[in-house]
Amino acid sequence: MVDSTPEQLGYLFNHESKFQNLWSKVQELKDARQRVQQSVDEANRNGEKIFDDVERWLTMVNDKISDPATTQLQEDEKKAMEISLPSQQEAEKEVEAITQLLNGKDQFDRVSYRSVVEGMSIRPVKEYEAFGSRSDAFNGLMAALNDDNVNIIGVYGMGGVGKTTLVKEAARQIIAKEKKLFDEVILVAITQASNNSNIQNEIPEKLGLKIEERSVDVRAARLHDRLKKINKSKANKVAQKCAGLPIAIATVAKALKHKENLHEWEDALEQLKPSEINFRGVPGAVYSAIEMSYKYLKTEDLKSTFLLCSIMGHNAAIEDLLKYCTGLGLFHGLDTIQKVRNRVLTLVSELDDSSLLLAGSTPECFDMHDVVCDVAISIASRDRGWLALGKEDVFEGWSDVETMRDYNLVSLQHTKVSELPDELECPNLTFFAMVNRDSCLKIPNNFFKGMKRLKVLSLEKVNLSSLPSSIGSLRSLCTLRLIDCGVEDIVMLGELVNLEILDLRNSGIRLLPKEIGQLRRLKLLDLSYCYSLKVASPNVLSSLSRLEELYFFHSFDRWEVEGTDNLIRSNASLVELQHLSRLTTLKVRVPNEQAMPEDNIFLGKLERYKICIGDGKWYWTETRTEASRMLKLKMKRSSNLYSGIKLLLRKTESLYVDEAEDVREMLDDPVNQGLPHLKHLKLSNVSDMKSVIGSRMFVSCLESLDLHSLMNLESICEAQLKAESFGRLRFLEVSECKMLKNLFSFSIAKRLRQLEEIEVSHCNNMREFIIVEKEEEIGENDNLEFPQLRSLSLRYLPTFNGAWYSQKTLQSVTWLFGKMVLFPVALEELYLDSVNGIEKIWHDDQLLTMPLVVQSLTRLEVWECHKLKCAFTSCMVKCFVQLETLIVSHCDEMENIIEGILGGEERINNSIRVFPKLNSLKLNNLSNLKRFCCGINSIEFPFLRKLEIKKCPVLSAFHFETANIGNNISFDPSVPRPQYLFTEKVIFPVLEELGICCGIEYEVQDVDLDIRTTMECELEACRDDDSVKELVKKCLSSSGGMENVERLWPNQLDEHSYSKLTSFFLEGCPKLLNVFPLSMLMRLQKLENLSIWNCESLEEIICESQSQEINISAMQSLSPQLIQSNVITFEFPCLPSLTLIGLPNLKSICHKTQAISWHLLKKMEVYGCNKVEILYASQEISGNINEQSLFWVNKYMFPNLHQLTLGWNVGVKEIWRLIPSSISFQNLIILEVRECDGIIKLTTHSTAKSLVHLKKMSILNCKMIEEIIEGGDKNDQDEIIFPQLNSLELESLPKLESFCSSWNYTFGFPSLQTVIVEDCPKMKIFSQGHSNTPMLNEVEFHWSGCYEERWESDLNSTIRQFFREHVSLSIIFSNQYQRNGMRKSFVKQINMVEKFKNSEEYLSHLSTSNSQVSLNSF
């Protein structure tokens, strides 16, 4: 029973204050009511209307403060004196209610408004009669009012004919509810005596608008604003109807973009009422918005195309949409594929403009928002009888026969379909499409039998190795798409005589049969990516007389050469294409140029083509150079080209020539007319070409120029070009042109204002990019500017002088961008690799005067630029506001990344913000780098998430604190030389990944890999014992790279730094004694990866300070739950992996007995840590031992450790020294121990019993180990079970005598299937106690290169027998051969075993011998 007296007393003591507060609120409400009422009275006297919410508020207030209400309050107060708790609670509720009323009053900006005067325009006009002549005029007037493009209407006629009456009737009708063309109508009579002032007075009065200004112009502006607000209010209401959702607002905005009349917006508001349809969770408001946008589409073609787009999935191809539209016959009167394509492109563009479609990943694709797609499918299902399902749907409705009969379209896009019916009766179906997700799904033979009206059939990834027979009955079929269906035999398709489009991309067909020649109405045949197609029956193609488009790329290419001695052709010939008079599109590869017919004039009729001639390895997916007219040539001489190909060159947009000898002549051939349409030109491996662009070539349309391995090229342009030349050039790539010294003349370079990307690489003689041919070519204040350049890549230019251009009369400059060549304002990416001539990248003066020129740069990579001493100067750093990635690598002379003293940049809390958007920073192989920067203030990297420092041996401090003396750097003598790589003045608030790697040479040499990936790949590559051993040797023998780093962090750090750290990789710091100061513990809560390699002097990972005061301060920074009696109990809650390699002096994780919990740790690897004596020791027994443990553990320190790998830890004597009750390692699955020569007994029996999940145990090359499980006292009688152990490997253990020597223990191995014993010469028996191995039926023995599998009823017997027959016998032969001075091979000895098995000498030796055996002697 709970005593309620204290609570009641609380109410008693507080009742007075509660009711005093209530009476105070009542009085406050009365005063507010009085003020509002006075305003209302004044408004009524002025004839104004009171807002509804004001009237409601007054009613509620009057009820609240009426006499009955006041009386009730007084009674409640009396009851409260009697400790009536409900009464006091009622008082609190009343206070809250009154407070809400007072708040409501504060919402009133005004209490009334001036009503619009109702004029004649809204009353019926009695004198109006609709006789004939007047009806015509009236209808014309109403039509003009409905026309969006009409803003002013004039009604004229002689006096007395009824003009005013006509206008009044029109005004009445346009505001009437049944028509409601406008919100408001103002009728103002204008006579000859009227003036602007009078008119301006009359209109505002009728609008309820008060205008104080007297100026005619100002009053006119106020009236204009008032009228605009009417439209704006409607627009706001429309936006509100879209529920604030971007997709709804976007589509509605586009639908109403050109709607200016109010009635259209009013109608939109009506349509935007939330739909009651709940389709796939689409909100009602959004559904209505998209449906309205659909209804606003102007034509039926647009609507049908939009609905078709909705069933095609994401990033759909426009060409597939074309095939659907053609098959369904959507566009009447369009008799060619190209005309349909033009219409489809136009419609897709219009739908994109309306926001009903989205842009795809390439210009050839489109996309649709999921919500728009759902609404479109719902509309099609409701209005057009469509069934359209997606990958989240499951369809099992085949059995609903009546419903299926009514469908006009069925689309199953990755829909889960368990099985298909034997026959589907859909007499109205015109379209069936399915993208399969189940490889086992089969289509029954009669499935299509009931689809007589089917026009489009599209199947993707459906198993159709043999076609269903019912496909042959689809005589109405116009479009057939079988994509990636494994189709092999297509003979049946010859029966589909009405077929216009046949798309068999990525099929398995090997033969194009003669029956396909029966498809006389076929317009498009696509056999792309049919890699197995080797035979095309002769004269099939020539039979397809209506064929307009033929696609054969990545497909059949074994064109037969016409005119050979063979009288009967076995394959198709290109000559057949001469008979296709309608052919306009051809995509084909012709490896044998001899197959090109001499009479190929038909090629000149092609409008779209991709033709490869020659045996080159062509790549079709070059998105940058994608064009509708592409020609690729690889042949010795272009003179082999006949007239048809030359006609193609005239209109080619993309030309790729490889290994031709006379390219210059081909480009200059007058027949080609200068290649006027050329957009993309790529030349490669042309040895005899000295220039590319000649005087006869038109390059005004050229967008990309790619020159590769033109070994004798001396210039790109050989002569003066027309003024418009190169005006559209966007991409320039020049590589391996050994003789090329420059790119363009100054006059041509000035035209390159559209350049977006420049890449120049491996041009050994390139000295400058721009050459000044004449002094008068450049003016005194002339400069070069590339305003569109987004990417600049310069690689391997050994003779480049570091300047864009130089003049003979001017001294060569050393910076890449200076006063004469302005830094491109749009540049986003800059790559400099092995460009030795550059001493400075940018000119200070340019950035100081125009700091915005580098505002777009997001990525800077500098590699092997050996003259660069810095990447930036301190005065320019503030300009790089968008820089996200910075990589500086292999720059031998680089001393500072930022030269000079930082000081004038943006500051937050007295810290300088360096590169505010920088996300990734990599410093690699900088042999002279001393520091990143210098300065007095702290520096902050607010967005830096990844920092890597690799092989910077001189670097000792990331940030040096300095004193500023003039413009020079001076190290303040009062400031001690930094001991730490990162001081408290370096702030990384969001750093997630930190890597420091400066020592060994890795086998993994991929320079693009980051430190984390390199270290992980290096360890992963060590799959065998020897390779791991070599890695450990590397670490132990390496001197390390960062000689000057003694400590990484001080004990006191900025409170915001490192708290987001998830990965830390450290390697190669030989003087480092510890890694983390104690104060960093709380910052490592998110650490997920920790690897420490090759730190020669490292003694511990976590270190307390020598100053007790600092330690106390550090402990105070920890959360209270981590400190118990001055003992820290810390955990790494997110760390699954820990790797320690090559740390010869490491003794412990933390020298003190801090309890560190590793709750998520799953994998631990410890290699080459020679000072570690005990890996794990219980805290409970720590006082009884003198040895230092690497880990101090309690009962639950490693609950999830799955894999423990130890190797080459020569000092380790024990793995576990635990109290018997410890279960810290109960989830261990894999245990591997290699070359730990200090271990004699691997584990105690109590620890072994806790390893209940162990599946694999491997003990290798441990010279001193005598037994795996230590034998206990005589009184210990126990069974040790390894319930999941399935693999046991014992290798090269010269002193191992048994798994366990104690008679007191028996063993259970219920899952053991593999036992490997290799080179264990003293192992006479597995265990003294019994071992139960029900799943084991053999033991693998390896010795001196030999291998044997055997089984002798049980494990003990098998080991014993092997020892007798092989190990003991080898001693006999060894002694015998030594006496005779002979050495025989071990194999020969084994052959003699059978002869000696029963000899008296052998049997006698077995009973007495226990000598050590050396198998290596044999």
Open item on the list: If I compare all heavy atoms of Leu524 with all of Leu547, which pair ends up nearest, and what's the gap?
Closed with: N-CD1, 3.8 Å
Open item on the list: What's the separation between atom NZ in Lys295 and atom CD1 in Ile379, rounded to the nearest 0.5 Å?
Closed with: 8.0 Å
Open item on the list: If you count every heavy atom of other residues, nucleotides or ligands that lies below 6.0 Å from Glu419 atom CD, does the total exceed 12?
Closed with: no
Task: Whether Ser507 side chain and Cys530 backbone form a donor-acceptor pair below 3.5 Å - done: no
Open item on the list: Under a 3.5 Å distance rule, please check whether Ser555 uses its side chain to pair with a backbone N or O of Ser528 as donor and acceptor.
Closed with: no
TODO: Determine, step by step, whether Ile516 and Leu519 satisfy the side-chain contact (heavy atoms from CB on, under 4.5 Å) criterion, reporting the C-alpha distance in whole Å, the side-chain angles of both residues, the deciding distance to 0.1 Å, and the verdict.
DONE: CA-CA 6 Å; Ile516 297 299; Leu519 304 178; 4.1 Å; yes
Task: Inter-residue atom distance Phe395.CZ - Leu412.CG, 0.5 Å rounding - done: 6.5 Å
Task: Asn498, CG atom: more than 12 neighbouring heavy atoms under 6.0 Å - done: yes
Open item on the list: When you compare the side chains of Gln338 and Thr336, does any donor N or O come within less than 3.5 Å of an acceptor on the partner?
Closed with: no
Open item on the list: Using the salt bridge (charged side-chain N to carboxylate O under 4.0 Å, His left out) definition, which of the options Lys523, Arg341, Arg582 pairs with Glu549?
Closed with: Arg341
- [ ] Could you tell me whether a side-chain N or O of Asn408 sits under 3.5 Å from a main-chain N or O of Leu429, the two making a donor and an acceptor?
- [x] no
Open item on the list: For the CD1 atom of Ile471 and the CD1 atom of Ile490, what is their distance to the nearest 0.5 Å?
Closed with: 11.5 Å
Open item on the list: Do Ser304 and Glu300 pair up side chain to side chain, a donor and an acceptor below 3.5 Å, judged on atom types alone?
Closed with: yes
Task: Close side-chain approach of Met368 and Ser310, heavy atoms under 4.5 Å - done: yes
Task: Distance in Å, Glu548 CD paired with Leu586 CG, rounded so as to fall on 0.5 Å steps - done: 13.5 Å
Task: Under 3.5 Å side-chain donor-acceptor pair for Arg505 and Tyr551 - done: no
TODO: Using modelled atom types only, decide if a donor and an acceptor are shared between the side chain of Lys449 and the backbone of Ser469 within a distance under 3.5 Å.
DONE: no
Open item on the list: With heavy-atom distances below 4.5 Å as the criterion, would you say the side chains of Leu387 and Leu409 are in contact?
Closed with: no
Open item on the list: Please find the pair of heavy atoms, one from Cys365 and one from Asn315, that lie closest to each other, and give the distance.
Closed with: CB-OD1, 3.6 Å
- [ ] Taking all non-hydrogen atoms of both residues into account, name the closest pair between Trp386 and Leu307 and its distance.
- [x] CZ3-O, 3.4 Å
Task: Presence of salt bridge, Asp438 and Lys416, under 4.0 angstrom - done: no
Task: Tyr609: partners by ring pair (Phe, Tyr, Trp, His ring centres under 6.0 Å), with sequence neighbours left out - done: none
Open item on the list: Within the structure provided, determine whether Ile443 and Asn463 are in side-chain contact (heavy-atom separation under 4.5 Å).
Closed with: no
Open item on the list: I'd like to know if Glu607 and Arg629 make a salt bridge, using a cut-off of under 4.0 Å between side-chain N and carboxylate O.
Closed with: yes
Open item on the list: I want to check something: taking the side chain as every heavy atom from C-beta on, are Arg475 and Glu495 in contact at a cut-off of under 4.5 Å?
Closed with: yes
TODO: Would you check if there is a donor-acceptor pair between the side chains of Ser628 and Glu653 at a distance under 3.5 Å?
DONE: yes
Open item on the list: So which atom in Leu141 and which in Ala170 form the shortest heavy-atom distance, rounded to 0.1 Å?
Closed with: CD2-CB, 3.5 Å
Task: Closest non-hydrogen atom pair, Leu424 against Pro421 - done: CD1-CG, 4.1 Å
Open item on the list: Test your reading of the model: is there a side-chain donor-acceptor pair from Asp367 to the backbone of Leu358, 3.5 Å cut-off?
Closed with: no
Task: Lys/Arg-Asp/Glu bridge criterion (N-O < 4.0 Å) met for Asp526, Arg481 - done: no
Open item on the list: Can you tell me how the ring of Phe432 sits relative to the ring of Trp398, calling it parallel under 30°, perpendicular over 60° and tilted otherwise?
Closed with: tilted
Task: Presence of salt bridge, Arg546 and Glu500, under 4.0 angstrom - done: no
Task: Other residues, nucleotides, ligands: >12 heavy atoms within 6.0 Å of Arg510 CZ - done: no
Open item on the list: Just verifying a value: how many Å separate Cys485 SG and Leu504 CG, rounded to the nearest 0.5 Å?
Closed with: 9.0 Å
Task: More than 12 heavy atoms from other groups under 6.0 Å of NZ on Lys679 - done: no
Open item on the list: For Asp406, is there any backbone N or O sitting under 3.5 Å from a side-chain donor or acceptor partner on Asn428?
Closed with: no
Task: side-chain contact (heavy atoms from CB on, under 4.5 Å) evaluation trace for Leu321 with Met312 - done: CA-CA 8 Å; Leu321 178 62; Met312 295 182 63; 3.8 Å; yes
Task: Backbone of Asn342 reached by a side-chain donor or acceptor of Thr346 within 3.5 Å - done: yes
- [ ] Starting from the C-alpha separation in whole Å, work towards a yes-or-no answer on side-chain contact (heavy atoms from CB on, under 4.5 Å) for Leu482 and Asp503.
- [x] CA-CA 6 Å; Leu482 305 177; Asp503 186 353; over 6 Å; no
TODO: Measure the shortest side-chain to side-chain distance between Cys478 and Leu499 over non-hydrogen atoms and say whether it is less than 4.5 angstrom.
DONE: no
Open item on the list: What's the separation between atom OG in Ser470 and atom CE in Met492, rounded to the nearest 0.5 Å?
Closed with: 8.0 Å
Open item on the list: For the backbone of Ala627 and the side chain of Ser654, can you confirm whether one donor and one acceptor N or O come within less than 3.5 Å of each other?
Closed with: no
Open item on the list: Contact between Leu525 and Leu544 at the side-chain level, heavy atoms closer than 4.5 Å - yes or no?
Closed with: yes
- [ ] Could you tell me whether the side chains of Thr415 and Asp393 share a donor-acceptor contact shorter than 3.5 Å?
- [x] no
- [ ] With the side chain counted from C-beta on, respond yes when Leu527 and Leu502 share a heavy-atom pair under 4.5 Å apart, and no when they do not.
- [x] no
Open item on the list: Any donor-acceptor pair under 3.5 Å linking the side-chain atoms of Asp301 with those of Thr299?
Closed with: no
TODO: Start with the C-alpha distance between Lys455 and Thr479, add both sets of side-chain angles, then the distance that settles side-chain contact (heavy atoms from CB on, under 4.5 Å), and finish with yes or no.
DONE: CA-CA 6 Å; Lys455 293 183 177 181; Thr479 292; over 6 Å; no
- [ ] Answer yes or no for Lys303 and Tyr294: cation-pi contact, defined as NZ/CZ to six-membered ring centre under 6.0 Å and angle to ring axis within 45°.
- [x] yes
Open item on the list: Using the ring pair (Phe, Tyr, Trp, His ring centres under 6.0 Å) criterion, which residues pair with Phe366? Sequence neighbours excluded.
Closed with: none
Task: Minimum heavy-atom distance between Asn445 and Leu467, given as atom pair plus value - done: OD1-O, 4.2 Å
Open item on the list: Is any side-chain heavy atom of Leu541 closer than 4.5 Å to one of Phe552?
Closed with: yes
Open item on the list: Could you check whether any side-chain N or O of Ser354 sits under 3.5 Å from a backbone N or O of Leu351, counting only pairs where one atom can act as donor and the other as acceptor?
Closed with: yes
- [ ] Give a yes or no answer on whether the side chain of Thr326 reaches the backbone of Lys323 with a donor-acceptor pair at less than 3.5 Å.
- [x] no
